[in-house]
Asker: 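Take this structure, written in structure tokens, and hold onto it; I'll ask about it next.
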Amino acid sequence: KKYVLVIHGGAGTITKENMTPEKEKAYKDKLTEALKAGYAEIQKGKTSVDAVQSAIVVMENSPLFNAGKGAVFTHEGRNELDASVMYGKNKSAGAVAGVHTIKNPIKAAIAVMQKSEHVMLSGKGAEEFAKEQKLEIVDPKYFWTQDRWNGLQKALEKEKLKKAISQNKKSDYLEIDQKFG
Amino acid sequence: TVGAVALDREGNITAGTSTGGMTNKRWNRIGDSPVIGAGTYANAQVGISGTGWGEFFIRSTAARTVAAKMEYQHKDVKTATQEVIAEIGKMGGDGGLIALDKNGNIAMEMNTAGMYRGAITDKGEIEVEIYK
């Protein structure tokens, strides 16, 4: 078989036990939608950059994945996004890091790659650049989802408990298993 | 984290990655996703996108190492990707990598319980998997 597009939506402690059939179907449907979106670009004769953008935008716009809408929260309760892209033909590359208002960070990474002399822009500057490039800017509230908010509250609780235990000089056995992107 | 690697009709490869980072992170911590060579890399031969414990992917320059193993050691995409994931595992890190080479061969490797992943062939055949 000759593959033309491969995608991922994150890795971690994903097992049958912590998945409902409905949720599993939703993930599979969204991954299929992303593959079809990227494949359509290739079929139209567009570049692999277009195919990657289309596939990733589908996942960024879905609350199922930790990117774009559905991104996890920082300690301060903000959604902070990063993205990057590299084009193999000429090894051009672009990235944005620590942005809060760019609806589709992958588009910003592509804009950095194609429309600037830089490789990585971060924070407010990256957001200003995206605005100049006429990319869609959204209120940070757009990225807020209940599931991810609950995830942060759980992590904060665990952290509090861990701190309390360690202050009591007891074992430091509680792990925070929220390290995944 | 989400990612994609594509091969177009001209035979050119692009890799991309996008993420919301890590729950409860502080100090403007940035992981591997926006770091070229760590979470994302592409050349004329292969494209790679990663997901996992970012610090380990940065320290092992994961994505570039897959490409280097193919370029200098002439390893195939699957072997190169498996080796990098194994090396990350030995360091204590975990996660997964997807890769696509110029001949349309793929690798989707992980050392975690699962990874949301999918691929499509030039004929439009779709494969989607979640668990290991």
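Letters go in sequence order (proteins before strands), and every chain restarts at 1.
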Asker: Side chain, backbone, both or neither: which part of B/I36 has a heavy atom under 4.5 Å from chain A?
Answerer: side chain
Asker: Going by atom types alone, do A/Y3 and B/E125 pair a side-chain donor with an acceptor below 3.5 Å?
Answerer: no
Asker: How about A/F73 and B/T23: do any of their side-chain heavy atoms sit closer than 4.5 Å?
Answerer: no
Asker: Based on non-hydrogen pairs under 4.5 Å, which of A/R148, A/K1, A/K46 is most in contact with chain B?
Answerer: A/K1
Asker: For the interface with chain B, which of A/H75, A/K2, A/H8 has the highest count of heavy-atom pairs at distances below 4.5 Å?
Answerer: A/H8
Asker: If you define the side chain from C-beta out and look only at heavy atoms, does anything of B/R117 sit under 4.5 Å from A/V6?
Answerer: no
Asker: Among A/I56, A/V58, A/I7, whose side-chain contact (heavy atoms from CB on, under 4.5 Å) with B/V2 holds?
Answerer: A/I56
Asker: Can you tell if the side chain of A/K36 reaches within under 4.5 Å of the side chain of B/I126, non-hydrogen atoms only?
Answerer: yes
Asker: Is the backbone N or O of A/Q43 less than 3.5 Å from a side-chain atom of B/R9, with the two atoms forming a donor-acceptor pair by type?
Answerer: yes
Asker: Checking heavy atoms, do the side chain of B/D122, its backbone, both or neither come under 4.5 Å from chain A?
Answerer: both
Asker: If you define the side chain from C-beta out and look only at heavy atoms, does anything of B/T14 sit under 4.5 Å from A/M86?
Answerer: no
Asker: Within residues 101-109 of chain A, which residues come under 4.5 Å of chain B, heavy atom to heavy atom?
Answerer: A/P105, A/I106
Asker: For the pair A/S48 (side chain) and B/L7 (backbone), establish whether a donor and an acceptor sit closer than 3.5 Å, ignoring hydrogens and angles.
Answerer: no
Asker: Checking heavy atoms, do the side chain of B/K132, its backbone, both or neither come under 4.5 Å from chain A?
Answerer: neither
Asker: When clusters are formed by joining ILVMFWY residues with side-chain heavy atoms under 4.5 Å apart, either directly or through shared neighbours, do A/I110 and B/I13 land in the same one?
Answerer: no
Asker: Please tell me if the side chains of B/T121 and A/V4 come closer than 4.5 Å, counting only heavy atoms from C-beta onward.
Answerer: no
Asker: Go through B/V5 and A/V52 one step at a time and tell me if the side-chain contact (heavy atoms from CB on, under 4.5 Å) criterion holds.
Answerer: CA-CA 6 Å; B/V5 187; A/V52 162; 5.7 Å; no
Asker: Restricting to non-hydrogen atoms, name the atom on A/L81 and the atom on B/G20 that form the minimum distance, rounded to 0.1 Å.
Answerer: CD2-CA, 4.0 Å
Asker: Taking all non-hydrogen atoms of both residues into account, name the closest pair between B/K123 and A/Y39 and its distance.
Answerer: C-OH, 3.4 Å
Asker: Quick check on the interface: out of A/G70, A/G68, A/A83, A/A71, who has the most heavy-atom pairs with chain B under 4.5 Å?
Answerer: A/A83
Asker: Counting heavy-atom pairs under 4.5 Å to chain B, which of A/M59, A/E80, A/K28 comes out on top?
Answerer: A/E80
Asker: List the steps, then state whether side-chain contact (heavy atoms from CB on, under 4.5 Å) holds for B/V128 with A/L35.
Answerer: CA-CA 9 Å; B/V128 171; A/L35 286 168; 4.0 Å; yes
Asker: Which atoms form the tightest heavy-atom contact between B/T112 and A/A11, and what is the distance?
Answerer: OG1-CB, 3.7 Å
Asker: Given 3.5 Å as the limit, does a donor-acceptor pair link the side chain of B/D8 with the main chain of A/T47, or not?
Answerer: no
Asker: If I measure from the heavy atoms of chain B, does A/K16 come under 4.5 Å with its side chain, its backbone, both, or neither?
Answerer: both
Asker: So what's closer than 4.5 Å to chain B heavy atoms on A/Y87: side chain, backbone, both or neither?
Answerer: both
Asker: So do the side chains of B/L100 and A/L5 get within less than 4.5 Å of each other, counting heavy atoms only?
Answerer: no
Asker: Taking all non-hydrogen atoms of both residues into account, name the closest pair between B/P34 and A/A95 and its distance.
Answerer: O-CB, 3.2 Å
Asker: Check whether more than 12 heavy atoms from other residues, nucleotides or ligands sit under 6.0 Å from atom CD of B/E10, and answer yes or no.
Answerer: no
Asker: Please state whether the side chain, the backbone, both or neither of A/E24 comes within less than 4.5 Å of a heavy atom of chain B.
Answerer: both
Asker: Counting only non-hydrogen atoms closer than 4.5 Å, does B/A99 touch chain A with its backbone (N, CA, C, O), its side chain (CB onward), both, or neither?
Answerer: backbone
Asker: Please look at A/V96 and chain B and tell me whether the side chain, the backbone, both or neither of the residue comes under 4.5 angstrom of a heavy atom of that chain.
Answerer: backbone
Asker: Just checking B/K75: does its NZ atom have more than 12 heavy atoms from other residues, nucleotides or ligands closer to it than 6.0 angstrom?
Answerer: yes
Asker: Is the ring pair B/Y116/A/F65 parallel, tilted or perpendicular, if the boundaries are 30 and 60 degrees?
Answerer: perpendicular
Asker: Are there over 12 heavy-atom neighbours, none belonging to A/N90, within less than 6.0 Å of that residue's CG?
Answerer: yes
Asker: Could you pull out the closest heavy-atom pair between B/A113 and A/T15, with the gap in Å?
Answerer: CB-CG2, 3.7 Å
